[in-house]
Amino acid sequence: MTHRRIPRDVAEQVAELWDREAGALTKYAVWRTAGQGAAADLVQRTFMAAAEDWIKLADLDDDARRSWLRRVCKNKWIDDCRRSQRGRDLHPQVHRLYERSEPDPADIVIAREDLARCWQVFEQLPPVRRQVALLYFVDGHSDLAIAELLGTGASNVRKHVALTRKTLRAALGEAFGWATRAEGVRPVGREQGETA
C-alpha cells in the first residue's frame with residue numbers, strides 16, 4: 001500500500017492528536033481486537049488515515065475528532081474481520097488440512113480442567129453477581145435483558161459483568177496466560193456498596 005507524502009505541519013498536528021488520543025483509542029482497540037499487538041496495528045492505521053484525511057479533521061473540535069478516530073478504527077477492524085472471513089472462504093481446502101477431525105484427548109482434559117477452574121470462581125461470587133454472570137456469559141443474554149429479568153438497571157448489570165471479568169482475570173489470569181494488573185483487582189467477594 002502506498003501512502004502519499006504528509007506535509008510537516010499536518011504531521012505535527014497529527015502527532016499532537018496522537019499524544020492526546022492514542023492511549024484511549026488503544027484501549028478501545030484492545031477491547032475490539034482482544035490483543036495488544038493487533039490493537040497497536042489498528043491504532044497506527046487509524047492515525048495514518050487521520051494524517052491522510054487531515055483536511056476533514058482540521059476544523060473539527062476534540063470530541064468530533066475523537067468520534068472520527070473511533071469510527072475509523074471500528075471500520076478498519078470490521079474490514080480486517082471481513083478480510084479474515086474472506087480468506088477462510090477462499091481457501092477452505094487449506095483450512096480443512098489443518099483442522100482436526102476429532103479433538104485431541106489431551107486438549108479435552110485441559111479444557112475440562114479450565115472449565116472446572118472457571119466454575120470454582122463462579123461459585124465464589126456473591127449470589128447476585130453469579131446470577132448476572134451466568135445469564136451474561138453462559139446464556140448469552142444482553143445487559144438490557146438481564147436488567148429486565150432481575151428488575152435492576154442495565155448499568156448495574158454492566159458493573160457486575162465488569163467485576164466478574166476482573167475477578168476471573170485475577171483468579172485465572174496466570175493459568176490462562178492473560179495479562180493481569182494487580183491494581184484495581186479485588187479478591188472474590190462482595191464489593192463495597194454492591195447492590196442487585
Side-chain angles (χ1 to χ4, degrees), residues 21-43 66-67 69-71 73-78 80-82 84-85 88 95 98-196:
E21 301 294 338
L25 190 63
T26 300
K27 288 178 184 175
Y28 175 78
V30 166
W31 178 75
R32 286 269 176 204
T33 63
Q36 191 69 34
D41 291 343
L42 189 58
V43 169
R66 190 174 301 116
S67 176
L69 288 169
R70 281 191 172 217
R71 185 174 59 251
C73 183
K74 177 183 172 189
N75 289 340
K76 288 189 174 297
W77 172 72
I78 290 170
D80 291 347
C81 291
R82 287 178 179 153
S84 175
Q85 181 60 43
R88 284 192 293 276
H95 287 280
Y98 293 100
E99 288 178 357
R100 293 181 180 211
S101 57
E102 54 190 59
D104 185 355
D107 291 340
I108 293 172
V109 170
I110 292 170
R112 284 183 180 158
E113 289 173 359
D114 292 344
L115 184 59
R117 284 188 196 123
C118 288
W119 280 116
Q120 286 172 350
V121 172
F122 268 69
E123 288 171 355
Q124 294 175 12
L125 292 173
V128 172
R129 189 171 315 149
R130 181 174 43 242
Q131 187 176 16
V132 168
L134 291 172
L135 289 168
Y136 186 85
F137 294 111
V138 178
D139 294 340
H141 291 288
S142 70
D143 52 348
L144 294 173
I146 296 168
E148 195 173 301
L149 281 169
L150 300 180
T152 187
S155 63
N156 201 21
V157 170
R158 287 189 294 272
K159 180 186 93 170
H160 283 296
V161 169
L163 290 170
T164 300
R165 282 188 176 126
K166 277 186 177 181
T167 302
L168 285 167
R169 282 188 187 112
L172 306 172
E174 193 173 309
F176 290 116
W178 297 331
T180 58
R181 291 185 307 204
E183 68 275 355
V185 179
R186 296 182 180 175
V188 175
R190 195 160 198 67
E191 304 299 327
Q192 199 172 29
E194 182 177 303
T195 60

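All values reported here derive from a predicted model rather than from experimental measurement.
- Here salt bridge (charged side-chain N to carboxylate O under 4.0 Å, His left out) pairs that include residues 146-156, with residues two or more places apart or in two chains, number zero.
- Within the structure, ring-ring contact (aromatic ring centres under 6.0 Å, His included) pairs that include any residue of residues 122-153 comprise W119-F122 (at least two apart or interchain).
- S67 pairs by the side-chain contact (heavy atoms from CB on, under 4.5 Å) definition with R71, not counting sequence neighbours.
- With values rounded to the nearest 0.5 angstrom, R130 atom CZ is found 12.0 Å from L135 atom CG.
- If you take CD on E123 and SG on C118, they are separated by 11.5 Å, rounding to the nearest 0.5 Å.
- Shown are T164, V157, L163; of these, the side chain to side chain contact (heavy atoms under 4.5 Å, CB included) with V132 is made only by V157.
- Two residues are said to be in side-chain contact when any heavy atoms from C-beta on lie closer than 4.5 Å; T167 and Q124 fail this criterion.
- Y28 meets the side chain to side chain donor-acceptor pair (under 3.5 Å) test with R32; sequence neighbours excluded.
- Here Q120 pairs with nothing under the side-chain contact (heavy atoms from CB on, under 4.5 Å) rule; sequence neighbours left out.
- The side chain to side chain donor-acceptor pair (under 3.5 Å) check on R70 picks up nothing, with sequence neighbours excluded.
- Atom-to-atom distance recorded for L125:CG and L168:CG is 7.0 Å, nearest 0.5 angstrom.
- Counting heavy atoms from C-beta on, the side chains of Q131 and I146 never come closer than 4.5 Å.
- Here K76 contributes atom NZ and D80 contributes atom CG; the two are 8.5 Å apart, rounded to the nearest 0.5 Å.
- Applying the side chain to side chain donor-acceptor pair (under 3.5 Å) test to R158 and every residue at least two apart in sequence or in another chain returns D143.
- Between A147 and G153, the closest heavy-atom pair is CB-C, 3.7 Å.
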